[in-house]
Amino acid sequence: MIDLKSITTGKASKPPRIVLYSIEGMGKSSFGASALNPIFIQTEDGLDEIDVAKFPKATSFDEVMECLRVLYNEKHDYKTICIDTLDWLEPLIWDATCTIHGEPNIEGMEKKSKFAFAKGYHYALDQWNRLVEGLDKLRNDRGMAIILIAHAEVKRFDSPETEPYDRYQIKLHKLASALIMEWADATVFANYQVFVEKTDVGFNKKVIRGTGGHSRLMYLNERPAFKAKNRYGIVTDLPFIKGEAWNTLVSAIRESRTTTQKEK
């Protein structure tokens, strides 16, 4: 029964739900491996060179969900669950969606397909919701932090305020990407820090080139060049150093929470 006594106030400091995406070779898997007692659900190869606990590579969405059930029902000491990667998980979700609805492919190319006009991607959201519900149970009941890793891709963004332009986004269908970003406490984009220099080469011509490319940063707030967000009030960019990035992010979250409490 709901009454006025059921109303609560204050913040609940639950383990974070983090989505990390970046270009190739940035150290996404190492980020997850540096978290507290992590266990990986693999949907692609790439962890052979990292000494970390991991389930066998999942070849179906049912296997992914079975991993979640095992972590929920069996006793263990893992504190962080990491899915590596979301964009390799997505075809497994599409296959499961097709099987459930008796359709040969997610695009709905056949005549009279219930997936016609991109409806298949809407049906696939049911399986994405199953995933995040399972992850939330592990977070709420088992106290596990969540890290979801994804690759980045460059897509055109049709802004209502400016001319269209390209920017980095999570390499997922737009419906799935929107669901995951809304669910996550932070969507972090990792990339090299790049500066633009203009050099005058004479004859009223200038050459523009990018410099830097050595320092790596975590971006937690959206900019024209990429999508990102966080619910913690973190406004600064953070260093993305191999083996240290997870602790850097967690420290920033704790500092933000402490600051907020002091302001009250």
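Below, each value reflects all heavy atoms present in this structure, side chains not excepted, and no hydrogens, waters or symmetry copies. Starting from 1, each residue takes its place in the sequence as its number.
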Measuring only between side-chain heavy atoms, which start at C-beta, is [X] closer than 4.5 Å to [Y]?
| X | Y | value |
| --- | --- | --- |
| Tyr168 | Ile23 | yes |
| Tyr192 | Met26 | yes |
| Ile39 | Met144 | yes |

Check: Asp237 side chain, Leu217 main-chain N or O, donor-acceptor pair, under 3.5 Å:
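A pair under 3.5 Å: no.
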
Applying a strict under-4.5 Å side-chain criterion to I, L, V, M, F, W and Y, I'd like to know whether [X] and [Y] cluster together.
| X | Y | result |
| --- | --- | --- |
| Leu135 | Ile18 | yes |
| Ile50 | Tyr78 | yes |
| Leu172 | Ile106 | yes |
| Tyr219 | Val154 | yes |
| Leu175 | Leu92 | yes |

Measure across [X] and [Y] and return the closest heavy-atom pair with its distance rounded to 0.1 Å.
| X | Y | answer |
| --- | --- | --- |
| Lys14 | Asn140 | NZ-OD1, 3.3 Å |
| Gly27 | Phe240 | O-CZ, 3.8 Å |
| Cys82 | Gly32 | SG-CA, 4.1 Å |

Identify, with sequence neighbours excluded, every residue that meets side chain to side chain contact (heavy atoms under 4.5 Å, CB included) alongside [X].
| X | result |
| --- | --- |
| Pro224 | Tyr165 |
| Pro239 | Ile241, Thr248 |
| Ala145 | Pro15, Pro16, Thr80, Trp246 |

[atom1] of [X] to [atom2] of [Y]: how many Å apart, nearest 0.5 Å?
| X | Y | atom1 | atom2 | result |
| --- | --- | --- | --- | --- |
| Phe31 | Ile147 | CZ | CD1 | 5.0 Å |
| Ile149 | Ile170 | CD1 | CD1 | 12.5 Å |
| Arg216 | Ser22 | CZ | OG | 8.5 Å |
| Leu249 | Tyr232 | CG | OH | 8.0 Å |
| Ser256 | Ile234 | OG | CD1 | 5.5 Å |
| His151 | Leu86 | NE2 | CG | 10.5 Å |

Is Lys229 atom NZ crowded by more than 12 heavy atoms from other residues, nucleotides or ligands, each under 6.0 Å away?
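Above 12, so yes.
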
Do other residues, nucleotides or ligands put more than 12 heavy atoms under 6.0 Å from Lys119 NZ?
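At most 12 heavy atoms, drawn from other residues, nucleotides or ligands, come within 6.0 Å of this atom.
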
Please tabulate, one pair per line, all N/O donor-acceptor pairs under 3.5 Å involving side-chain atoms of residues 178-190, not counting sequence neighbours.
residue: Trp183; atom: NE1; partner: Asp136; partner atom: OD1; Å: 3.1
residue: Trp183; atom: NE1; partner: Asp136; partner atom: OD2; Å: 3.1
residue: Asp185; atom: OD1; partner: Arg17; partner atom: NH2; Å: 3.1
residue: Asp185; atom: OD1; partner: Arg231; partner atom: NH1; Å: 3.1
residue: Asp185; atom: OD2; partner: Arg17; partner atom: N; Å: 3.0
residue: Asp185; atom: OD2; partner: Arg17; partner atom: NE; Å: 3.2
residue: Asp185; atom: OD2; partner: Arg139; partner atom: NH2; Å: 3.3

For [X], what residues pass the side chain to side chain donor-acceptor pair (under 3.5 Å) criterion, not counting sequence neighbours?
| X | value |
| --- | --- |
| Glu107 | none |
| Asp158 | Arg156 |
| Glu222 | Arg167 |

Can you pull out every side-chain hydrogen bond (donor to acceptor under 3.5 Å, both in side chains) where at least one residue sits in residues 33-47? Sequence neighbours excluded, please.
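Matches after skipping sequence neighbours: Glu44-Thr85.
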
Could you list all the side-chain hydrogen bond (donor to acceptor under 3.5 Å, both in side chains) pairs where at least one residue sits in residues 90-103, not counting sequence neighbours?
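side-chain hydrogen bond (donor to acceptor under 3.5 Å, both in side chains) check on residues 90-103 returns Glu103-Ser113.
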
Which pairs would a plain distance check flag for residues 122-133, meaning a side-chain donor or acceptor within less than 3.5 Å of a matching protein atom at least two apart in sequence or in another chain?
residue: Gln127; atom: OE1; partner: Arg130; partner atom: NH1; Å: 2.8
residue: Asn129; atom: ND2; partner: Leu125; partner atom: O; Å: 3.1

Remaining members of Val235's ILVMFWY cluster at a side-chain heavy-atom cut-off under 4.5 Å?
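In the cluster with Val235 there is nothing else; it is isolated.
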
Residues 52-72, side-chain donor-acceptor partners within the protein, below 3.5 Å, at least two apart:
residue: Lys54; atom: NZ; partner: Val52; partner atom: O; Å: 3.3
residue: Thr59; atom: OG1; partner: Glu63; partner atom: OE1; Å: 3.3
residue: Thr59; atom: OG1; partner: Glu63; partner atom: OE2; Å: 3.1
residue: Ser60; atom: OG; partner: Glu63; partner atom: N; Å: 3.2
residue: Glu63; atom: OE1; partner: Thr59; partner atom: N; Å: 2.9
residue: Glu66; atom: OE1; partner: Arg69; partner atom: NE; Å: 3.0
residue: Glu66; atom: OE1; partner: Arg69; partner atom: NH2; Å: 3.1
residue: Tyr72; atom: OH; partner: Asp141; partner atom: OD2; Å: 2.6

Output, in order, the C-alpha distance, side-chain angles, deciding distance and verdict of side chain to side chain contact (heavy atoms under 4.5 Å, CB included) for Lys174 and Tyr121.
CA-CA 9 Å; Lys174 61 182 180 181; Tyr121 301 107; over 6 Å; no

